[in-house]
Amino acid sequence: MAPAIAFPTTDSSALTDFVINQGNGVKGLSELGLRALPKHYIQPVGERIDVNKIITNESIPIIDMSNWEDPSVADSICDAAEKWGFFQIINHGVPLEVLDNVQGATHRFFGLPAEDKNKYSKDHSPSNSVRFGTSFSPQAEKALEWKDYLSLFYVSEEEAAALWPPACRDEVLEFMKGSEVVIKQLLQVLMKRLNVNEIDGTKKSLLMGSVRVNLNYYPVCPNPELTVGVGRHSDVSTLTILLQDEIGGLYVKGHQGEDSWIHVPPIKGSLVINVGDALQILSNGQYKSIEHRVIANASKNRISVPIFVNPRPSDMIGPLPEVLANGEKPIYKQVLYSDYVKHFFRKAHDGKGTVEFAKISS
Ligand SMILES: COc1cc(/C=C/C(=O)SCCNC(=O)CCNC(=O)[C@H](O)C(C)(C)COP(=O)(O)OP(=O)(O)OC[C@H]2O[C@@H](n3cnc4c(N)ncnc43)[C@H](O)[C@@H]2OP(=O)(O)O)ccc1O
Ligand SMILES: O=C(O)CCC(=O)C(=O)O
Ligand SMILES: [Fe+2]
């Protein structure tokens, strides 16, 4: 269908209507062939990636999972989660075909006409657990982000069969289920260093009681240097398992000064793992959720598929008793996980700001 409006326009409500209400998203904007970025997407200078702040003499670890129980591999995983909060895994056991299929399904979903995708928007979706959207939290943001997404919260097989978009449902479920083994291996190893030797029912709920899969779409952008794909944030998950395509553009906060950033290079068949706020809180700060962000791209459409492994919404999260057993002082209080996540979603991206919600004030 031909777009009704040509952008840029000075009329903010026309842009909101086109991008958000009609479900065209930034993909729809991109496909108008704009020569300049609409002002709504222009980020403050401090939020854009400054090429001078990108460091190339350090990189996040790449860990071979084939011998995951080998103490040296387990050490590399725990060291990476403590020092970097981010690492890539290879030989993780999720078949390449499963990864390729979910990437294909992501392109298929975003290739649907706007009116079909819009059936899953906040205002039209048949369920809170299925949501198509754009940017991160448009109501709360001063500047929008150059990204569309589909977010799928797993409730049950039946709900997924009935409510998830047929264009991507089976492939997302296959990716989610295919990753379960490696997720359990990672959590088992990470817990062992915290003196948690058995993941019983309560721990299982806290560590992996709920799963959300997002499909992210970052279309070609006319002025990528003026905006962001995703602004600085840490995930609110326990662990995130991220599949990125071959384009690149994910940056993780480095250790060289206040504002240094490290690129996460795409490696075919690998998965990017990052510690989320929930694991930082459960480990009383031993494992760290690290700020990351995504740039926009002038010539290529990029996709990524994060699996957010989380506590259940109804879980209270706080430092684990095993971590405090040696007399360590808790840095975080007990918070209801769904309150924590609502706090995250109701504000714009703000780096590591969300975790303050759970901090014990000194
Ligand atoms: C989108 O761009 C992103 C996303 C991310 C995500 C990073 C993560 O780590 S996601 C993992 C989050 N954990 C969970 O989802 C598991 C626990 N889930 C829950 O506790 C609940 O399902 C809930 C998320 C709190 C929603 O519960 P519900 O009762 O339905 O609450 P609401 O009042 O409807 O929603 C609260 C508030 O959040 C907004 N919202 C809800 N879901 C999403 C979503 N999938 N994406 C974006 N925003 C969402 C909702 O609109 C409400 O806001 P209002 O302003 O409308 O009140 C990282 C980086 C990104 O760029
Ligand atoms: O697209 C990416 O590489 C990362 C996206 C991300 O950080 C997120 O969805 O939380
Ligand atoms: Fe993230």
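Residue indices begin at 1 and follow the sequence shown. In listed order, ligands and their atoms are each counted from 1.
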Show your working on salt bridge (charged side-chain N to carboxylate O under 4.0 Å, His left out) between E356 and K359 and close with a plain yes or no. CA-CA 5 Å; E356 294 301 314; K359 270 220 173 112; 3.2 Å; yes

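- Contact annotation for V272 and ligand 2: no heavy atom of the residue comes within less than 4.0 Å of the ligand.
- The nearest protein atom to atom 5 (C) of ligand 2, hydrogens excluded, is given as Y218 OH, 3.4 Å; this is a heavy-atom distance.
- Ligand 1 is never approached by Y340 to a heavy-atom distance shorter than 4.0 Å.
- Residue contact annotation: S237 has a non-hydrogen atom under 4.0 Å from ligand 1.
- Those atoms of ligand 1 with a heavy atom of H233 less than 4.0 angstrom away are 58 (C), 59 (C).
- Judged by the shortest distance from any of its heavy atoms, K147 lies outside the 4.0 Å radius around the atoms of ligand 2.
- In this structure, K27 is positioned above the aromatic face of Y217, its NZ or CZ under 6.0 Å from the six-membered ring centre and within 45° of the axis.
- Atom 35 (O) of ligand 1 is never approached by the protein to below 4.0 angstrom, counting heavy atoms only.
- Ring geometry for Y251 versus H263: interplanar angle of 30 to 60°, hence tilted.
- Other residues, nucleotides and ligands contribute at most 12 non-hydrogen atoms within 6.0 Å of the NZ atom of K204.
- Taking the six-membered ring where the residue is Trp, F357 and H343 present parallel rings, their angle staying beneath 30° rather than reaching 60°.
- On a distance-only criterion, R212 and ligand 1 share at least one N/O pair closer than 3.5 Å.
- I295 and V272 fall into different hydrophobic clusters, where Ile, Leu, Val, Met, Phe, Trp and Tyr side chains are chained together by heavy-atom contacts under 4.5 Å.
- Taking a 4.0 Å cut-off on heavy atoms, Y149 fails to register as neighbouring ligand 2.
- The backbone N or O of V26 sits nowhere less than 3.5 Å from a side-chain atom of S30 that would complete a donor-acceptor pair.
- Here D235 has side-chain heavy atoms under 4.0 Å from ligand 2, and that is the only part of it that gets that close.
- Other residues, nucleotides and ligands contribute over 12 non-hydrogen atoms within 6.0 Å of the NZ atom of K352.
- For T240, no heavy-atom contact with ligand 1 is shorter than 4.0 Å.
- Here's the thing with N128: one of its N/O atoms is less than 3.5 angstrom from an N/O atom of ligand 1.
- Within ligand 1, counting atoms from 1 as listed, the ones closer than 4.0 Å to a heavy atom of D235 are 9 (O).
- Taking both residues in full, the closest heavy atoms of Q43 and L144 are given as NE2-O, 3.0 Å, listed atom of the first, atom of the second, then distance.
- Residue S210 places a heavy atom less than 4.0 Å from ligand 1.
- Scanning the protein heavy atoms around atom 3 (O) of ligand 2, the nearest turns out to be R302 NH2, 2.8 Å.
- Protein heavy atom at the shortest distance from atom 12 (C) of ligand 1 is V236 CG2, 3.6 Å.
- Atom OG of residue S289 and atom NE2 of residue H233 lie 10.0 Å apart, to the nearest 0.5 angstrom.
- At the shortest separation from atom 18 (N) of ligand 1 among protein heavy atoms lies P313 CG, 3.8 Å.
- At a 3.5 angstrom cut-off on N or O pairs, E145 does not count as close to ligand 1.
- The shortest non-hydrogen separation linking I20 to P138 is CD1-CB, 3.8 Å.
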Salt bridge (charged side-chain N to carboxylate O under 4.0 Å, His left out) between K117 and D148, intermediate numbers included: CA-CA 11 Å; K117 290 181 284 194; D148 298 331; 5.7 Å; no

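- Between K122 and ligand 1, a contact under 3.5 Å exists for at least one N or O pair.
- H292 counts as a contact of ligand 2, since one of its heavy atoms falls under 4.0 Å from the ligand.
- Atoms of ligand 1 found under 4.0 Å from any heavy atom of N214, numbered from 1 in the order shown, are 4 (C).
- Within 6.0 Å of CD in Q139 there are more than 12 heavy atoms belonging to other residues, nucleotides or ligands.
- Set against the non-hydrogen atoms of P306, the atoms of ligand 2 under 4.0 Å away are 9 (O).
- Atom CZ of R312 has 12 or fewer heavy atoms from other residues, nucleotides or ligands within 6.0 Å.
- Atom 4 (C) of ligand 2 has V294 CG2, 3.6 Å as its closest protein atom, hydrogens excluded (heavy atom only).
- Heavy atoms from other residues, nucleotides or ligands lying under 6.0 Å from NZ of K300 number 12 at most.
- Close approach to S151 involves these atoms of ligand 1, each under 4.0 Å from a residue heavy atom: 45 (N).
- Using a cut-off of 4.0 Å between Lys/Arg side-chain N and Asp/Glu carboxylate O, R232 and E47 are scored as salt-bridged.
- Between H349 and ligand 1, a contact under 3.5 Å exists for at least one N or O pair.
- Looking only at protein heavy atoms, the nearest one to atom 39 (C) of ligand 1 is F345 CB, 3.5 Å.
- Residue contact check for ligand 2: H233 places a non-hydrogen atom closer than 4.0 Å to it.
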R293 vs E145, salt bridge (charged side-chain N to carboxylate O under 4.0 Å, His left out): CA-CA, chis, key distance, verdict: CA-CA 11 Å; R293 53 176 162 178; E145 301 182 350; over 6 Å; no

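- Panel note: side chain S270, backbone P266; no donor-acceptor pair is recorded below 3.5 Å.
- The atoms of ligand 1 that sit less than 4.0 Å from any heavy atom of V230 are 61 (O).
- How far CG of L320 is from CD1 of I317: 10.0 Å, rounded to the nearest 0.5 Å.
- The protein heavy-atom contact nearest to atom 47 (C) of ligand 1 is Y149 OH, 3.3 Å.
- Residue V341 has no nitrogen or oxygen atom sitting less than 3.5 Å from a nitrogen or oxygen atom of ligand 1, judged on distance alone.
- Shortest contact from atom 31 (O) of ligand 1 to any protein heavy atom: K342 CE, 3.6 Å.
- Considering backbone and side-chain atoms alike, N216 places an N or O below 3.5 Å from some N or O of ligand 2.
- Note: W261 and H292 fail the aromatic proximity criterion, with ring centroids not under 6.0 Å apart.
- Ranking the protein heavy atoms by distance from atom 17 (C) of ligand 1 puts Y337 CE2, 3.5 Å first.
- If you look at S338 next to ligand 1, the close heavy atoms, those under 4.0 Å, come from the backbone and the side chain alike.
- Between Y41 and L29 the shortest side-chain heavy-atom distance falls below 4.5 Å.
- The residue among Q139, R131, R346 with a heavy atom at the shortest distance from atom 51 (O) of ligand 1 is R131.
- As for D235, its N/O/S atom nearest the Fe ion (ligand 3) is the one called OD1.
- Note on ring orientation: taking the six-membered ring where Trp is involved, the planes of H349 and F344 are tilted (angle from 30° to 60°).
- In terms of polar-atom proximity, K147 is counted as a contact of ligand 1, with an N or O under 3.5 Å from an N or O of the ligand.
- For H292, the N, O or S atom with the smallest separation from the Fe ion (ligand 3) is NE2.
- Summarising the contacts of atom 14 (C) of ligand 1 with N310, L336, V130, the nearest heavy atom is found in N310.
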